[in-house]
Amino acid sequence: MDEQFQSTLTSDRHLLDKGHPMLKRATAMAASAALPLAAAVALTPMASAQETVITGTVEVTYTCIAANAANIGGSSTWTNQVEVTYPEAVAPGEFFDVSIQPGSMQPNQTRTGRVNYDIQMPDNADYLTQAITSPASGFNSGTPALVTVNPTTKVNAAGTDVLRIWGGTSARYGTSSGTSTNSGLAKTSTAAFQLPEVTFTMRAPNTPGEEINFGLPGAGAASPTTAETAQFQYTRGTSNTGTQVECAASANAAELTSTTITDDPWVPFEWNTDLNIQAQVGTADEDSQPVNVVTSFQRPANDFPEGTSLRILRDGVEVGEVEIPETGTSVPFADDIPRGAQTQVYRYTAEIIEAADDLGDTWVGESVSSVPVIVSGTGGEPGGGGSLDTGSLDAGSLTDFAQGSLSDSVGYDVAPVSVVLPDLSVTLSSAS
C-alpha cells in the first residue's frame, strides 16, 4: 500500500471520536448522539486499536472511450488523485469510518453533464452506511446523491455493494441514461469540478486477520466497454446535446483503502432503543378497569436477541413483563386496575429488560415519556389532595388537566398526552 499512497499518518484518535449517531459503546457512560427515530442508538468511542489513521491520496489512471482531445484528461490516459481517510487497523466489533473523495477534474469543453462515479464497497463489514460529508464543487446544476447500483448493468438496485455518486441521471450505463449535457450533475464552463466526499461507517466483524477494503469497480480493465468496467461516466459537448464518455480505472484502484481486523478482544456495544407507549381503557366493571397497553419501537440494526422482554410499569411500579416478538414493531400488554372510591390518574411507562448476546453486546431502552389513563372511582368523587404526577387530584385540577393537556379521545393516547373529557362534571358525578 505504501507505493500507492502519499500518506500522512496520524496518531490522533479515530474519526469516530467525533461521535457516530448510530450506536453506543457498552462501556461508555454517555451517548454522543441519537437517531431521529424511535430506535435511537448512539455511540461514544473508547480507546481501541484505531491508533493510526491514514490520510492521503491514491493516484488512479483512467482509460476512456471514445478517446478524444475533448475528453477530461484529453485523448490519452489521465490521472486523478483520490483522497482517502481510513484506520489502518480496528478491533473486532469496533465501528469505524472510511472517507473517499474523487480528486478535482478539468473539462475540455463548455458543457459537462450526467456525471456518475462508482465506488466498490466491501462485503465483509457489518451495518455499513454511507453519507455525503463534504459537498461537491464546480457544478451549475444537479444535487449530488448516493444510490446503490447493479454491478453488472449499473441500473439502480437496492442492497448491492456498488455505490454511485450521481445527480439523478446516468450517461451511457445506468438508470435514466442519455446523451444530453444539461441533466444530472452538470456544468456550463471549462472550470474544474470535484465530486463530494463520501464517508462510510461500519462495524468490524469477529474475523481477526481479515482486511476490509474499498475500491473502484472494474479496476484493471483494459477498456470500459461494458457497464461493469465503466467506473466513471459523463457527457460532454458545446450544446445541450453531447457525447457519452466512459472511463475504466487502473488496477491499483481495486484497493483504495485497507483496514485490518486485529486479534484484540471483541468490543461490545450497547444498543439503546426508544420506546413509545399507548394506553387505552376498556369497559369497567364494578371492581376494576381493563387497560390495553401497547409499546411500539423501531428494531435496531442488530436485532433484539431471542427472548428479550419489556417491563411494563404503572406509576413506576412493575405490573408485568411481555416478550418482544421475533418480528413486528409493537407488543400489547393487558392490565387490570382495581377501582377505588376516588377517580385516579395512572401513568404507564415501559423499559427493556437488559439483554445480552454471547459476544457481549447489550440491549436497553425505555419509553420516551409516560402516558396517562383516567380510572373513575366507585364513589363518584375525584381523588383529593394529590397531583397529576401522583395520579390523585381534586375536581378543579382534573378539569384544568383535561382542558389544558388532553384532546381527541378519552383514556387513550401516545405521549405527549392528548385526551378530551366531553362533559367532565357529568362524568365525575355519575361514576359508579
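Reckoned from all heavy atoms, side chains included, excluding hydrogens, waters and symmetry mates.
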Does a side-chain heavy-atom distance below 4.5 Å link [X] with [Y]?
X	Y	answer
Glu83	Gln194	yes
Leu128	Thr201	no
Thr362	Phe269	no
Thr148	Val162	no
Pro217	Pro151	no
Ile165	Ile119	yes
Val58	Asn252	yes
Val82	Gln101	no

Thr160 side-chain N/O to Val149 backbone N/O, donor-acceptor pair under 3.5 Å = yes
Give a yes-or-no answer on whether the side chains of Arg164 and Ser170 include a donor-acceptor pair shorter than 3.5 Å.
-> yes
So, Ser183 versus Thr169: side-chain donor-acceptor pair below 3.5 Å or not?
-> yes
Determine, step by step, whether Thr327 and Arg299 satisfy the side-chain hydrogen bond (donor to acceptor under 3.5 Å, both in side chains) criterion, reporting the C-alpha distance in whole Å, the side-chain angles of both residues, the deciding distance to 0.1 Å, and the verdict.
-> CA-CA 9 Å; Thr327 60; Arg299 306 190 82 94; over 6 Å; no
Using a strict cut-off of less than 4.0 Å between a Lys/Arg side-chain nitrogen and an Asp/Glu carboxylate oxygen, indicate whether Asp287 and Arg339 qualify as a salt bridge.
->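 So Asp287 does not pair with Arg339 through a salt bridge.
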Fit a plane to each ring of Tyr62 and Phe232, take the angle between them on a 0 to 90° scale, and name the class: parallel (under 30°), tilted (30 to 60°) or perpendicular (over 60°).
->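 Ring orientation of Tyr62 relative to Phe232: tilted.
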Please name the pair of heavy atoms, one in [X] and one in [Y], separated by the smallest distance, quoted to 0.1 Å.
X	Y	value
Ser104	Asn80	O-ND2, 3.2 Å
Val373	Ala279	CG1-CB, 3.6 Å
Ala284	Pro290	CA-CD, 4.0 Å
Ile100	Phe214	CD1-CB, 3.7 Å
Ile261	Pro205	CD1-CD, 3.6 Å

Do Tyr127 and Trp271 have ring centres separated by under 6.0 Å?
-> yes
Centroid separation Tyr86 to Phe96 less than 6.0 Å = no
Looking at [atom1] of [X] and [atom2] of [Y], how far apart are the two atoms once the value is rounded to the nearest 0.5 Å?
X	Y	atom1	atom2	value
Leu256	Ser99	CG	OG	12.5 Å
Asn206	Asp358	CG	CG	11.0 Å
Tyr348	Leu313	OH	CG	10.5 Å
Glu94	Thr259	CD	OG1	10.5 Å
Thr179	Gln244	OG1	CD	6.0 Å
Ser369	Arg347	OG	CZ	9.0 Å

Applying side-chain contact (heavy atoms from CB on, under 4.5 Å) between Pro144 and each of Leu185, Val198, Leu195, report the one that passes.
->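 Among Leu185, Val198, Leu195, the one meeting side-chain contact (heavy atoms from CB on, under 4.5 Å) with Pro144 is Leu185.
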Do any pairs count as a salt bridge (Lys or Arg N to Asp or Glu O under 4.0 Å) and have a residue in residues 134-159, sequence neighbours left out, and if so which ones?
-> Asp118-Lys154
